[in-house]
Amino acid sequence: MQTILGANGQIAQELARALRRTYTDDLRLVSRTPRPVNTGDQLVPADLLDAEQTLKAVEGSDIVYFTAGLPPDSGLWERQFPSMLKNALDAAVATGAAFAYFDNTYMYPQTAAAQTEDTACAQRWRAWSWMRWQPGASP
């Protein structure tokens, strides 16, 4: 079983298509209101902020793909994303599933230039990221 957490987003939908096309038809799509991408997808509603729901959604999985995201709102990310990711990681560890993490590109310059492994973070992001982890500092 291949399980995609955060299954309604663009990355998740493309991943579900690619997995079905090249690897398996044993797919579980998980989100608060999951929608099928392929015929036969197993749909599991779960709130990733809830550890128990996340664990139940992951049970029986060989691989868990974490594609969940939030709207580009720093406060929302700070409040919710760490818990979502922790719940997903804890569930994968508890069930023995492998874990694949897909990230976003919010921290990179929002230009039309191609992004590569050498693309530097946007100046604003570097300052915020550094301050975020310094005791007593505020962005």
Side-chain angles (χ1 to χ4, degrees):
M1 173 65 65
Q2 310 285 302
T3 298
I4 302 174
L5 301 177
N8 287 345
Q10 182 178 356
I11 292 171
Q13 291 175 7
E14 292 303 319
L15 176 61
R17 287 185 190 102
L19 288 171
R20 173 61 65 97
R21 185 174 53 251
T22 63
Y23 188 69
T24 185
D25 59 358
D26 197 15
L27 296 175
R28 179 182 298 154
L29 307 183
V30 179
S31 74
R32 287 180 305 238
T33 54
R35 297 182 304 265
V37 174
N38 306 293
T39 302
D41 287 344
Q42 183 184 94
L43 306 180
V44 176
D47 182 348
L48 299 180
L49 289 168
D50 183 301
E52 186 176 321
Q53 288 182 34
T54 305
L55 177 61
K56 287 180 182 176
V58 167
E59 287 175 344
S61 302
D62 298 310
I63 301 175
V64 173
Y65 301 91
F66 185 84
T67 65
L70 296 164
D73 173 329
S74 296
L76 192 61
W77 278 81
E78 287 179 32
R79 287 188 309 276
Q80 294 185 355
F81 194 76
S83 294
M84 291 167 50
L85 183 56
K86 181 182 185 322
N87 290 342
L89 283 167
D90 288 349
V93 169
T95 61
F99 191 86
Y101 178 84
F102 289 81
D103 206 349
N104 63 56
T105 61
Y106 294 156
M107 75 288 282
Y108 296 109
Q110 301 299 303
T111 66
Q115 295 178 358
T116 70
E117 289 79 8
D118 297 321
T119 301
C121 292
Q123 184 65 34
R124 180 173 175 225
W125 177 265
R126 286 194 302 266
W128 178 86
S129 182
W130 179 85
M131 288 188 295
R132 173 78 175 96
W133 303 110
Q134 302 305 310
S138 61

Inset, instruction - Rounded to the nearest 0.5 Å, what's the gap from CG on N87 to CG on L89? Could you check? - result: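 Here the rounded value is 9.5 Å.
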Inset, instruction - Quick one: pull up CG in L5 and CZ in F99 and give me the separation to the nearest 0.5 Å. - result: 7.0 Å
Can you name the nearest heavy-atom pair linking [X] to [Y], along with the distance?
X	Y	answer
D26	T24	N-OG1, 3.0 Å
S83	L49	CB-CD2, 4.0 Å
T119	A114	OG1-O, 4.0 Å
F81	A68	CE1-O, 3.7 Å
L29	A7	CB-CB, 3.6 Å
P71	L76	CD-CD2, 3.5 Å

Answer yes or no: is there a donor N or O on one side and an acceptor on the other, between the side chain of [X] and the main chain of [Y], under 3.5 Å?
X	Y	result
N8	T33	yes
N38	A16	yes
R28	A57	yes

Flag the pair [X] / [Y] as yes when at least one side-chain heavy-atom distance between them is below 4.5 Å, and no otherwise.
X	Y	answer
L43	P36	yes
S61	T95	no
V30	T3	yes
R20	V37	no

Inset, instruction - Go through the structure and list residues passing salt bridge (Lys or Arg N to Asp or Glu O under 4.0 Å) with R17, not counting sequence neighbours. - result: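 By the salt bridge (Lys or Arg N to Asp or Glu O under 4.0 Å) rule, R17 matches E14.
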Inset, instruction - Kindly check if the number of other-residue, nucleotide or ligand heavy atoms within 6.0 Å of CD (Q10) is above 12? - result: no
Legend entry - Whether over 12 other heavy atoms sit under 6.0 Å from Q42 CD: yes
Legend entry - Residues which pass side-chain hydrogen bond (donor to acceptor under 3.5 Å, both in side chains) with T67, listed by chain and number, not counting sequence neighbours: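 T67 satisfies side-chain hydrogen bond (donor to acceptor under 3.5 Å, both in side chains) with no residue once adjacent residues are dropped.
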Legend entry - Partners meeting side-chain hydrogen bond (donor to acceptor under 3.5 Å, both in side chains) with Q2 (sequence neighbours left out): Y65
Legend entry - V93-V58 co-clustered via ILVMFWY side chain contacts under 4.5 Å: no
